[in-house]
Peer 1: 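My questions will all concern the structure given below.
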Amino acid sequence: MKDMYFESPSSLTYNDSFYQALMGFIIKGNIKINPQEGKEIPSDDIISSDIWSSINEYVSDFLAKNPDGITLENIKDSFNEEELKNIINGKISSYKIDSMNLDIDYDKISKPLVSEVNSTEEAENKTNEETKVVKTDEGAKDGQVKCPFCGATDISLNVKTGKLKCRYCRSEFEQEKLDVFEQDVNKLEGEIIGSGAQNISADANDVITLKCTSCGAQVVIDTASANQAKCHWCRNILSINNTIPNGAVPDTLLPFSVAKEDAQKSIEEFVGKRKFFANPRFKEEFTTQNIMGVYFPYMLVDINAHANLKGEGEIETRRYTVKNGDHSETRYDADVYHVERDFDIAIKGLSVESSKDKLDSTNKEKTTNIINAIMPFDTENCVKYNSNYLRGYTSEKRDVNIEDLKPVVEIQSKDIARYSTNDTIEEYDRGVRWEREELTVKGQQWASAYLPVWLYSYMEKKGDKQLLHYVAVNARTKETMGSVPIHMPKLFGISALIELIALIAMMFVDYEYDYVFLAAGVIYFLVIYSKYRNKGARHTYEKETKNSMSNIQKVDQYINHRTGLSSSTISGANNRSVAGQSSTSQIFSNLSKEGIKDNISSSFNSTVTGKIVNEFKKDDK
């Protein structure tokens, strides 16, 4: 046994965290306190009775709080993490604080503690090993990208054919598809990320200088706003095609296939149906001549997972009417079942915005939910990134990392899994209340992408406040969604008139549900406001994201029969509920202030090979 000795008792204080951890080792009998070898036992004036009293007090208090003795959990705050690992692994043979020296007997250190520390290290190493980065810019080069037919560099997208077209020789050619990712989602294990989806470096330089290979001039490209520039001497086009650590070059890209003229027509039709209540100034200034083609940044995620859901479902057996005073009320009888669904699920191409601005749909100054609502895109037709696709369009640089997006993807994945079970529970016409949900992610892969959008924007000013309205067109499917400024005095006036007419009608019409007349004006206002503003519009990812279920195991066990139920659905039905959109807004609305991880509920737990588990409290029956 190696010894610990004190040269001075003054170094032992309750403020010394290492001393507190040391006491934990003493409790387990891993360290003994003896005088230094060859020296006499110190007298009380060297190790005073106060010191021994402090030791005894600490030991008693520690044992009271930690009856199981020393564990990594109850001493980890006492050590610097690196110190703890070094001590456990024998890299530190002694430890000195001021004049206190400590030698540790490594042979007798608590085995559970060693095992716990080592298993933590192994888990971290395993996670690192399971994350595989695939190089998506293999063969790409910065500088001149030449036409394969004539060698010219003036190349751009032909929207009608989807091919790249040389403006000099008029030849067209296709960009290769990106084939470095696993195509069979069911085979995914661990984590795969594209080189363009790696973390953004905070100190990455946006400005890159390239040497023109034709004339030797130095050409500067500011990648914060463009990935191409024209040589000021020989007029050749230079491009950035290799991934750079500022998020400006993605793994893949989906070319525009909707021409500007078609997008203008779609926007004009959308606004034209909403001009009656539109703000007069907006109607006067509205024009589609200034719409912009924009490549927005997204993450495309494939997920291989296993899901297990448990809860209760109800099947209606009878519906009837009972008298309650002067009114009749509907009642229901139902059979109640314990329901379980266990299955594998492969989710393909879940698309998530990778821009903080677009992820925050709670922003009261922008109608960012509009852009989310025009998804999905046909991402299976994405091609390998080539800067020539950006000619004539603008692009927005990614500013969110994978770790930031994982909580969002995890919640949306669980929503997709929950929604996918609806095809297997159709007999439960009163719905299912899932009370426990588990999603074990076996593998996933991430690719950063540019997806095309035609965008119209209009800034509405209300005194010292302003609201940026968008009308967006999916540049692949022509799906259109937008927000149109409303002339509120006109809408309030007509809603009030409808309310007045309804009240007059109520006096002459004998109708059981009088409240319909009382709410007529309010209902009209809400319907029109919703039609113009589209505040609740969103991408219904739970329905539209491609997924497949396999190895489905079902449990449908009869519990009992209930009668006289007042609701047409089971209490707490959640089989068609989604949490992803609201959670995304909540997470990213405070991103710049608090960071993403602090906004995630502690009840939500997931790792690459871990579980996503939600437990719902049963409603009283």
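What you are looking at is a predicted structure, and each value in this text was computed from that prediction instead of being measured.
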Peer 1: Taking atom NZ of K348 as the centre, does the number of heavy atoms from other residues, nucleotides or ligands within less than 6.0 Å exceed 12?
Peer 2: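 More than 12 heavy atoms, drawn from other residues, nucleotides or ligands, come within 6.0 Å of this atom.
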Peer 1: Do T330 and R319 make a side-chain contact, defined as non-hydrogen atoms from C-beta onward lying under 4.5 Å apart?
Peer 2: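 Answer yes - side chains close enough.
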Peer 1: Identify the two heavy atoms, one from Q289 and one from K260, that lie closest to each other, and give their separation to 0.1 Å.
Peer 2: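 Of all heavy-atom pairs spanning Q289 and K260, the closest is O-NZ, 3.5 Å.
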Peer 1: How about V301 and W446: do any of their side-chain heavy atoms sit closer than 4.5 Å?
Peer 2: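 Yes. Closest side-chain heavy atoms under 4.5 Å.
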Peer 1: Working to the nearest 0.5 angstrom, can you tell me the gap between F181 CZ and D302 CG?
Peer 2: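 So the gap between those two atoms works out to 8.5 Å.
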Peer 1: Which atom pair, heavy atoms only, marks the closest approach of I347 to V185?
Peer 2: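 In this case the closest contact between I347 and V185 is O-CG1, 3.9 Å.
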Peer 1: Per the ring-ring contact (aromatic ring centres under 6.0 Å, His included) rule, which among F286, Y470, F282 passes with Y458?
Peer 2: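 The single option meeting the ring-ring contact (aromatic ring centres under 6.0 Å, His included) with Y458 is F282.
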Peer 1: Test Y541 against V578 for side chain to side chain contact (heavy atoms under 4.5 Å, CB included), laying out the working first.
Peer 2: CA-CA 10 Å; Y541 60 86; V578 292; 3.9 Å; yes
Peer 1: Got L439 and S413 here, is their nearest side-chain heavy-atom distance under 4.5 Å?
Peer 2: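 Sidechains of S413 and L439: in contact.
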Peer 1: What's the verdict on side chain to side chain contact (heavy atoms under 4.5 Å, CB included) for I402 and V409, showing C-alpha distance, side-chain angles and the deciding distance?
Peer 2: CA-CA 10 Å; I402 287 177; V409 169; over 6 Å; no
Peer 1: If you apply the rule side chain to side chain contact (heavy atoms under 4.5 Å, CB included), what do you find for E269 with T480, and how did you get there?
Peer 2: CA-CA 10 Å; E269 289 177 355; T480 305; over 6 Å; no
Peer 1: Main chain of F277, side chain of Y532: is a donor-acceptor contact present, judged purely on distance under 3.5 Å?
Peer 2: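 Here the side-chain-to-backbone pair exists.
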Peer 1: Is NZ or CZ of K535 both nearer than 6.0 Å to the six-membered ring centre of Y529 and within 45° of the ring axis?
Peer 2: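 Negative - K535 is either too far from the ring of Y529 or too far off its axis.
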Peer 1: Taking the side chain as everything from C-beta on, heavy atoms only, tell me whether S495 gets closer than 4.5 Å to V522.
Peer 2: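 In short, these two side chains do not touch, never coming nearer than 4.5 Å.
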Peer 1: Would you say D154's side chain and A152's backbone share a donor-acceptor pair under 3.5 angstrom?
Peer 2: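 Not a single qualifying donor-acceptor pair exists.
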Peer 1: Test of understanding: with side-chain contact (heavy atoms from CB on, under 4.5 Å), list the residues that count as partners of K461, not counting sequence neighbours.
Peer 2: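 Per chain and number, K461 pairs via side-chain contact (heavy atoms from CB on, under 4.5 Å) with M459, Q466.
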Peer 1: Under the 3.5 angstrom rule, does the side chain of E542 hit a backbone N or O of D415 as a donor-acceptor pair?
Peer 2: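 No; zero donor-acceptor contacts below 3.5 Å.
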Peer 1: Do we get R576 above Y419's six-membered ring, with its NZ or CZ under 6.0 Å from the centre and within 45° of the axis?
Peer 2: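 The answer is yes; both the distance and angle limits are met.
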Peer 1: Checking ring-ring contact (aromatic ring centres under 6.0 Å, His included) for the pair F256/Y295: CA distance, chi angles, key distance, verdict?
Peer 2: CA-CA 9 Å; F256 275 75; Y295 281 104; 4.9 Å; yes
Peer 1: Without hydrogens or angle criteria, can the side chains of D251 and S448 be said to hold a donor-acceptor pair below 3.5 Å?
Peer 2: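 A pair is found: one side chain offers a donor N or O, the other an acceptor, under 3.5 Å apart.
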Peer 1: Quick one, L359 with V352, criterion side chain to side chain contact (heavy atoms under 4.5 Å, CB included). Give me CA distance, side-chain angles, the key distance, then yes/no.
Peer 2: CA-CA 8 Å; L359 283 162; V352 181; 4.1 Å; yes
Peer 1: Return the minimal non-hydrogen interatomic distance between Q198 and R398, and the atom names on each side.
Peer 2: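 So the minimum-distance heavy-atom pair works out to O-NH2, 2.8 Å.
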Peer 1: Any side-chain heavy atom of T379 sitting closer than 4.5 Å to one from Y298?
Peer 2: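 T379 vs Y298: side chains apart.
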Peer 1: Do the charged groups of K406 and E410 touch, with an N to O distance under 4.0 Å?
Peer 2: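 Judged by the 4.0 Å cut-off on N to carboxylate O distance, K406 and E410 do not form a salt bridge.
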Peer 1: Treating S548 as the side-chain partner and I345 as the backbone partner, does any N or O pair qualify as donor plus acceptor under 3.5 Å?
Peer 2: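 No: the side chain of S548 does not pair with the backbone of I345.
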Peer 1: Please give me the minimum heavy-atom distance between C382 and L300, naming the atom from each residue.
Peer 2: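 Taking C382 first and L300 second, the nearest heavy atoms are SG-CD1, 4.2 Å.
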Peer 1: Could you measure the distance from the CG atom of D360 to the CD atom of E353? Nearest 0.5 Å is fine.
Peer 2: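 That separation rounds to 11.0 Å.
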Peer 1: Might you confirm whether atom OH of Y168 has over 12 heavy atoms from other residues, nucleotides or ligands at distances under 6.0 Å?
Peer 2: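 Count not over threshold, so no.
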Peer 1: How are the rings of Y385 and Y450 set relative to one another: parallel (under 30°), tilted (30 to 60°) or perpendicular (over 60°)?
Peer 2: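 Taking Y450 first and then Y385, their aromatic rings stand perpendicular (interplane angle over 60°).
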Peer 1: Are any side-chain N or O atoms of N474 and backbone N or O atoms of P376, one a donor and one an acceptor, separated by less than 3.5 Å?
Peer 2: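 Looks like yes, one N/O pair under 3.5 Å.
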Peer 1: As an exercise, state the distance from OG1 of T252 to CD of Q175, rounded to the nearest 0.5 Å.
Peer 2: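 That separation rounds to 9.0 Å.
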Peer 1: Out of curiosity, T477 OG1 to I374 CD1, how far, rounded to the nearest 0.5 Å?
Peer 2: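 The OG1 atom of T477 sits 7.5 Å away from the CD1 atom of I374.
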Peer 1: Which heavy atom in N372 sits nearest to a heavy atom in H539, and how many Å separate them?
Peer 2: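 Closest heavy-atom pair between N372 and H539: OD1-N, 2.7 Å.
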Peer 1: Between L253 and N386, is any pair of side-chain heavy atoms under 4.5 Å apart?
Peer 2: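 Side-chain contact under 4.5 Å: no.
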Peer 1: Between T545 (side chain only) and L350 (backbone N and O only), is there a donor and an acceptor less than 3.5 Å apart?
Peer 2: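 No, the answer is negative, given that no donor and acceptor are paired below the 3.5 Å cut-off.
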Peer 1: Below 4.5 Å, heavy atoms only, C-beta onward: do E396 and K358 meet side chain to side chain?
Peer 2: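 A side-chain contact exists here, since the closest heavy-atom pair is under 4.5 Å.
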Peer 1: Applying the salt bridge (charged side-chain N to carboxylate O under 4.0 Å, His left out) test to D378, which of K546, R476, K478 qualifies?
Peer 2: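 Among the candidates, only R476 passes.
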Peer 1: With side chains defined as the heavy atoms from C-beta onward, is the minimum distance between T540 and R538 less than 4.5 Å?
Peer 2: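 Yes. Closest side-chain heavy atoms under 4.5 Å.
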Peer 1: Indicate the atoms forming the closest heavy-atom contact of S420 with M549, along with that distance.
Peer 2: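 Heavy-atom minimum between the residues: O-SD, 3.3 Å.
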Peer 1: Would you give the length of the straight line joining atom CH2 of W434 to atom OG of S577, rounded to the nearest 0.5 angstrom?
Peer 2: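 Reported to 0.5 Å precision, the distance equals 12.5 Å.
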Peer 1: About how many Å separate CD1 of I528 and CD1 of I494, when rounded to the nearest 0.5 Å?
Peer 2: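 Here the interatomic distance stands at 8.5 Å.
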Peer 1: Can any side-chain N or O of K490 pair as donor or acceptor with the backbone N or O of F276 at less than 3.5 Å?
Peer 2: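 Confirmed, K490 side chain pairs with F276 backbone.
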Peer 1: For the side chain of S171 and the backbone of C166, is there at least one donor-acceptor N/O pair under 3.5 Å apart?
Peer 2: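 A pair under 3.5 Å: no.
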Peer 1: Is it the case that atom CE in M292 sees more than 12 heavy atoms from other parts of the structure closer than 6.0 Å?
Peer 2: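 Atom CE in M292 is not packed in, count stays at 12 or less.
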Peer 1: Do any N or O atoms from the side chain of W454 and from the backbone of I267 form a donor-acceptor pair under 3.5 angstrom?
Peer 2: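 No, because the side chain of W454 does not come within donor-acceptor range (under 3.5 Å) of the backbone of I267.
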Peer 1: Please determine which of I570, L309, N422 meets the side chain to side chain contact (heavy atoms under 4.5 Å, CB included) test together with N575.
Peer 2: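 Answer after filtering I570, L309, N422: N422.
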Peer 1: Parallel, tilted or perpendicular: which one describes the rings of F492 and F525, with boundaries at 30° and 60°?
Peer 2: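 Plane angle under 30°, so parallel.
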Peer 1: With no hydrogens and no angle check, is any side-chain donor or acceptor of R167 less than 3.5 Å from a backbone partner on S156?
Peer 2: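 No; zero donor-acceptor contacts below 3.5 Å.
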